[in-house]
Amino acid sequence: MSLVGALPFLKPRLSPSVSPGRQRRHTLPASEFRPLNTQDAISVFEIEKEAFISVSGDCPLHLDEVRHFLTLCPELSMGWFEEGRLVAFIIGSQWDQDRLTLDALSLHKPKGSTVHIHVLAVHRTFRQQGKGPILMWRYLQYLRCLPYVRRAVLMCEDFLVPFYQKSGFKVQGRCSITVASLTFTEMQYPVRGHALMRRNSEAIGFPQTVLPGFSSSTVPLYLY
């Protein structure tokens, strides 16, 4: 599989009939999607703080927890960068049980076949532009490239259930986890990886073990 076949998951294509210099003046800033690393942790946390604390009083992941997961499983994260600036991100980890428990908030289970999506957040300047669902779509496509992933799960507040249903998630039921007075619905998305997607991932140059993947409105996405 050629690199061209994998490009849609990484960045917008330039028209072959227009030179890159001329095209750049008439398009949005160049975008990059890549796994996050610990050097991105502070930028991640700044976006997360602004998005969540004003609404819920706390963050899904504190700074030490962001660093924790970006050290253990950076391949299960994805950042959207525009001109080198982080504008949106997802952080996930592996889980090995049918349903989420309190341990899922802090543990990474390398032998698990489930990806627990802890948080999706968009920088305030870039909200109401559809970046949340676009990033989620790309993330789910990349999970298809990982042969050990069978499904993705998340927990969200009830008013966000329709949002995730539009992305293909199905309700599993009430989540056993509560955070202060907040309760959550648990949702899952079946990941059906196949050989074509995996060949695409190799063409991109990501190792098989180092891969990450509606409007993110005025209300941030409350995930753990």
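Keep in mind that the numbers below use all heavy atoms, side chains included, and drop hydrogens, waters and symmetry copies.
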Exercise for review: Anything under 30° is parallel, anything over 60° is perpendicular, the rest tilted; go ahead and classify H118 against H116.
Suggested key: tilted

Point to revise | Main-chain N/O of L100 paired to S176 side chain as donor or acceptor, under 3.5 Å | key: yes

Practice item. Determine, using the 4.5 Å side-chain heavy-atom cutoff (strictly less than), whether L36 and L63 are members of one ILVMFWY cluster. Key: no

Exercise for review: Give the minimum heavy-atom separation between D98 and E186, together with the two atoms involved.
Suggested key: O-OE2, 4.1 Å

Point to revise | Contact check, side chains of M78 and L120, non-hydrogen atoms, under 4.5 Å | key: no

Check your understanding: Out of curiosity, D158 CG to T185 OG1, how far, rounded to the nearest 0.5 Å?
Key -> 3.5 Å

Review point. Can you check whether F169 reaches L140 side chain to side chain, under 4.5 Å on heavy atoms?
Key: yes

Check your understanding: In terms of hydrophobic clusters joined by side-chain contacts under 4.5 Å, are L107 and L61 together?
Key -> no

Review point. Hey, what do you get for OH (Y148) to OG1 (T114), rounding to the nearest 0.5 Å?
Key: 12.0 Å

Check your understanding: Is the closest side-chain heavy-atom distance between F69 and S77 below 4.5 Å?
Key -> no

Practice item. Kindly say whether P110 contributes a backbone atom to a donor-acceptor pair with the side chain of Q94 at under 3.5 angstrom? Key: yes

Check your understanding: Should V171 and V191 be counted in the same cluster of Ile, Leu, Val, Met, Phe, Trp and Tyr side chains packed under 4.5 Å apart?
Key -> yes

Review point. Which heavy atom in G92 sits nearest to a heavy atom in C73, and how many Å separate them?
Key: O-SG, 3.5 Å

Practice item. Answer yes or no: is there a side-chain heavy-atom contact under 4.5 Å between Y139 and I117? Key: yes

Check your understanding: What distance separates C175 SG from E157 CD, expressed to the nearest 0.5 Å?
Key -> 12.0 Å

Exercise for review: Determine whether F52 and P60 make a side-chain contact, defined as any pair of heavy atoms from C-beta on separated by less than 4.5 Å.
Suggested key: yes

Point to revise | Euclidean distance, L135 CG relative to S31 OG, rounded to 0.5 Å | key: 11.0 Å

Review point. Taking atom CG of L102 and atom OG1 of T178, what is their separation to the nearest 0.5 Å?
Key: 8.5 Å

Check your understanding: Take atom CD1 in I42; do more than 12 heavy atoms of anything else shown fall under 6.0 Å from it?
Key -> no

Practice item. Check the hydrophobic clustering (I, L, V, M, F, W, Y; side-chain heavy atoms under 4.5 Å; chains of links allowed) and say if V153 and V179 are grouped together. Key: yes

**Study point:** Closest non-hydrogen atom pair between M187 and V161, with its separation
**Key:** CE-O, 3.8 Å

Practice item. Answer yes if L76 and L72 sit in the same cluster of Ile, Leu, Val, Met, Phe, Trp and Tyr residues linked by side chain heavy atoms under 4.5 Å apart, and no otherwise. Key: no

Practice item. Taking the side chain as every heavy atom from C-beta outward, state whether F45 and D64 have any pair of such atoms under 4.5 Å apart. Key: no

Study note, to complete from the structure: Note: V122 and R127 closest approach over all heavy atoms is O-NE, 2.9 Å

Review point. Side-chain contact, heavy-atom cut-off 4.5 Å: H123 with E82?
Key: no

Check your understanding: Looking only at heavy atoms, what is the nearest atom pair of A41 and R67, with distance?
Key -> CB-CG, 3.6 Å

Check your understanding: Considering only heavy atoms from C-beta outward, does the side chain of R85 approach that of T125 to under 4.5 Å?
Key -> yes

Check your understanding: Hey, what's the ring geometry for W80 with F33, parallel, tilted or perpendicular (30° and 60° as the breaks)?
Key -> tilted

Exercise for review: Sort out for me which residue in F163, F184, Y164 forms a side-chain contact (heavy atoms from CB on, under 4.5 Å) with C156.
Suggested key: Y164

Check your understanding: Could you state the interatomic distance from CE (M155) to CZ (R174), rounded to the nearest 0.5 Å?
Key -> 10.0 Å

Review point. Any idea which heavy atoms bring S106 and H68 closest together, and the distance?
Key: O-NE2, 3.1 Å

Practice item. Indicate yes or no for a side-chain donor-acceptor contact from E46 to the backbone of S43 under 3.5 Å, with no hydrogens or angles considered. Key: no

